[in-house]
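Data first, discussion second: the structure below is written as structure tokens.
Just follow the structure's listing: the first ligand is 1, and inside any ligand the first atom is 1. Below, all heavy atoms of this structure are taken into account, side chains as well, without hydrogens, waters or symmetry copies. Sequence positions, counted from 1, serve as the residue numbers for this chain.
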Amino acid sequence: MAKKKLVILSGAGISAESGIPTFRASDGLWEGHDVMEVATPQGWKNNPELVLEFYNQRRKRALEVVPNRAHEICAELEEYFDVQIITQNVDNLHERGGSTNILHLHGELFKSRSTADPNLVYEMDGWELNMGDLCEKGSQLRPHIVWFNEAVPLIVPAMELSEKADIFIVVGTSLQVYPAADLINYVPETSLKFVVDLNLPAVPDRKNLFMIQGKATTGMQKVLETLLERKAHL
Ligand code: OAD
């Protein structure tokens, strides 16, 4: 029998236990910066050096951390299900945790992109991207990140995957950023839905919805156990 389709929508909370801070800290700043300064096209126009340095520091940090049990469980689920990750995270901890199918809705920290041609995307070797680093057409490279006020190119495939999910798991996201926050609304009524978070986000009550409050590692363990118990009936 074909494996059931399981989609995981992850956010910053899944990487928190690996040591990457989440975005919405109580002071409203990201690592001491106003989001408009470092994660918008306007910020890039005003001060590209600052933006490059901000993402260099994020990359440097990402290289120091390792995937946690929650990332590993996402990968282990592939044994039983046809798993697709949709992540808002720009780190590569799902890849390093062993997952195969990963859609990065908000871009990827370890890729750069031409400012002249958005189709020119490059893998990065190390953590540094600097002024003067150019694409093959001679234009400055920028981080391959979807900034605020920019379109989300992969949202349509993400919606299509959500519509086809037999099981949908939301883990570690405040669901405050659209259009990602809307994806759960595309999941069929009959499908199983889990929301795992330290501070559960508000989600409209629906059929087959399980809310699990806790850390991503312990919450995903509960999801794994629940799914394995019910597997025969799915
Ligand atoms: P947020 O910082 O908004 O939310 C993180 C969520 O993780 C919150 O709901 C926390 O309660 C939860 N959390 C924190 N620690 C946790 C833990 N150990 N276990 C489980 N949950 C935990 O991050 P996102 O929802 O991912 O976009 O933010 C969405 C987008 O906003 C990001 O992708 C980013 C930002 O703009 C870009 O960079 C383009």
Compare all side-chain heavy atoms of [X] with those of [Y] and state whether any distance is below 4.5 angstrom.
| X | Y | result |
| --- | --- | --- |
| S10 | H94 | yes |
| R58 | P143 | no |
| L154 | H104 | no |

Look at [atom] and find which of [options] reaches it with the closest heavy atom.
| atom | options | result |
| --- | --- | --- |
| atom 22 (C) of ligand 1 | P21, A16, G13, G107 | G13 |
| atom 11 (O) of ligand 1 | I212, T218, L198, D197 | D197 |
| atom 26 (O) of ligand 1 | P201, S18, A12 | A12 |

Could you tell me whether [X] and [Y] have a side-chain N and a carboxylate O separated by less than 4.0 Å?
| X | Y | answer |
| --- | --- | --- |
| E150 | R142 | yes |
| R69 | E72 | yes |
| D166 | K5 | no |

Just which atoms of ligand 1 are under 4.0 Å from any heavy atom in [X]?
| X | answer |
| --- | --- |
| T173 | 6 (C), 9 (O), 24 (P), 25 (O) |
| G214 | 20 (C) |
| G11 | 26 (O) |
| E17 | 18 (N), 19 (N) |
| G172 | 5 (C), 6 (C), 7 (O), 21 (N) |
| Q88 | 29 (C), 33 (O) |
| V177 | 29 (C), 30 (C), 31 (O) |

Subject >> Pi-cation contact, Y55 with R59 (under 6.0 Å, within 45°) >> reply: no

Q) Any N or O of S174 that comes nearer than 3.5 Å to an N or O of ligand 1? A) yes

key: Any N or O of V196 closer than 3.5 Å to N or O of ligand 1   = no

The answer for which part of A216 has a heavy atom under 4.0 Å from ligand 1 is both

Relative to the ring of W147, is the ring of W44 parallel (under 30°), tilted (30 to 60°) or perpendicular (over 60°)?
tilted

Judged by non-hydrogen atoms, does V90 sit under 4.0 Å from ligand 1?
no

_W147 to ligand 1, any heavy atom closer than 4.0 Å_ = no

When hydrophobic residues are tied together by side-chain contacts of less than 4.5 Å, even through go-betweens, does L183 share a cluster with V7? yes

Between I20 and I73, is there a shared hydrophobic cluster once you connect ILVMFWY residues whose side-chain heavy atoms come closer than 4.5 Å?
no

